[in-house]
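Because the structure is predicted, anything quoted here is derived from the model rather than measured.
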Amino acid sequence: PPEQNISQSPGGRYDPAAYPSAVKLLVSNNVAGSIIGRAGQTISELQSQSAARIKLSQTGDFYPGTQDRVCLVQGQLEKVKIAVRLLLERLHMLQEQQHTQHLAWQPMPNESPAPGFDFVVRLLVPSSSCGMIIGKAGSNIKHLEEASGVSSVRLSPKQTSDPSSPSAAIVAGTSER
């Protein structure tokens, strides 16, 4: 029998139980276009490679208080992890390209190596989880920074008064060449 799409119930309708895990990333409009690819080819490949569902908010549909679109990754936990890894690889490559193009316009002594850049990822986390992420006196954030090697984990205040809306967690780390 043909393999059943994880998003469909036997009746062919959307099945939320097929998506027990979800991650939301904030991405620029340019990055969103790169994730989608020409005629949706890249997003289809990412979904095939990971077996997770990847959706982006519509062009012009920005997360409140930003100029960023929401990239939603859903599926079984292991599949979501694969998709997020693939997306982070793509984000890193795009940020590295931007950095390299920026450096091309900067006067640099010939002897100095090109500096690394700050690789920044923004995740949306439920407001109810912020205390757990921070930990007592910031202990969990400190542990996250030390264990992962990132230079900073910050929680941004919400841009809306809606208590149910998520906060943005910003993770930054220096990428050494």
(request) Would you indicate whether the side-chain heavy atoms of L91 and F119 approach each other to under 4.5 Å? (result) yes
(request) Check side chain to side chain contact (heavy atoms under 4.5 Å, CB included) between E45 and all other residues, then give those that pass, not counting sequence neighbours. (result) Q41, Q49
(request) Evaluate the criterion side chain to side chain contact (heavy atoms under 4.5 Å, CB included) for residue pair R85 and L88; output intermediate values, then yes/no. (result) CA-CA 5 Å; R85 182 181 49 77; L88 290 178; 5.8 Å; no
(request) State which residues pass side chain to side chain contact (heavy atoms under 4.5 Å, CB included) with K142; sequence neighbours excluded, sorted by chain then number. (result) E146
(request) Enter the distance from L56:CG to D61:CG here, rounded to the nearest 0.5 Å. (result) 10.5 Å
(message) I'd like to check the salt bridge (Lys or Arg N to Asp or Glu O under 4.0 Å) partners of K55; sequence neighbours left out, ordered by chain and number.
(response) none
(message) Ignoring hydrogens, what is the shortest heavy-atom contact between P20 and G75? Give both atom names and the distance.
(response) CD-O, 3.4 Å
(message) Once rounded to the nearest 0.5 Å, what's the spacing between atom CD of E78 and atom OG of S21?
(response) 9.0 Å
(message) Here's a test for you: under side chain to side chain contact (heavy atoms under 4.5 Å, CB included), which of N140, L144, I141 qualifies with I134?
(response) I141
(request) Can you sort out the partners of Q67 under side chain to side chain contact (heavy atoms under 4.5 Å, CB included), two or more places apart, ordered by chain and number? (result) F62
(message) For a quick test of reading the model, state the closest non-hydrogen atom pair linking A22 to L72 and the distance between them.
(response) CB-CD1, 4.1 Å
(request) Verify the cluster assignment for V153 and L155: are they in a single hydrophobic cluster under the rule of side-chain heavy atoms below 4.5 Å apart? (result) yes
(message) Let me confirm one number: the NZ-SG distance from K24 to C71, rounded to the nearest 0.5 Å.
(response) 11.0 Å
Distance-only donor-acceptor hits, side chain of residues 26-38, under 3.5 Å, sequence neighbours excluded:
from, atom 1, to, atom 2, distance (Å)
S28, OG, V31, N, 3.1
N29, OD1, R69, NH1, 2.9
S34, OG, R90, NE, 3.2
S34, OG, R90, NH2, 3.4

(message) Can you tell me if Q58 has over 12 outside heavy atoms packed within less than 6.0 Å of its CD?
(response) no
(message) According to side chain to side chain contact (heavy atoms under 4.5 Å, CB included), who are the partners of Q47, at least two apart in sequence or on a separate chain?
(response) I43, R53, I54
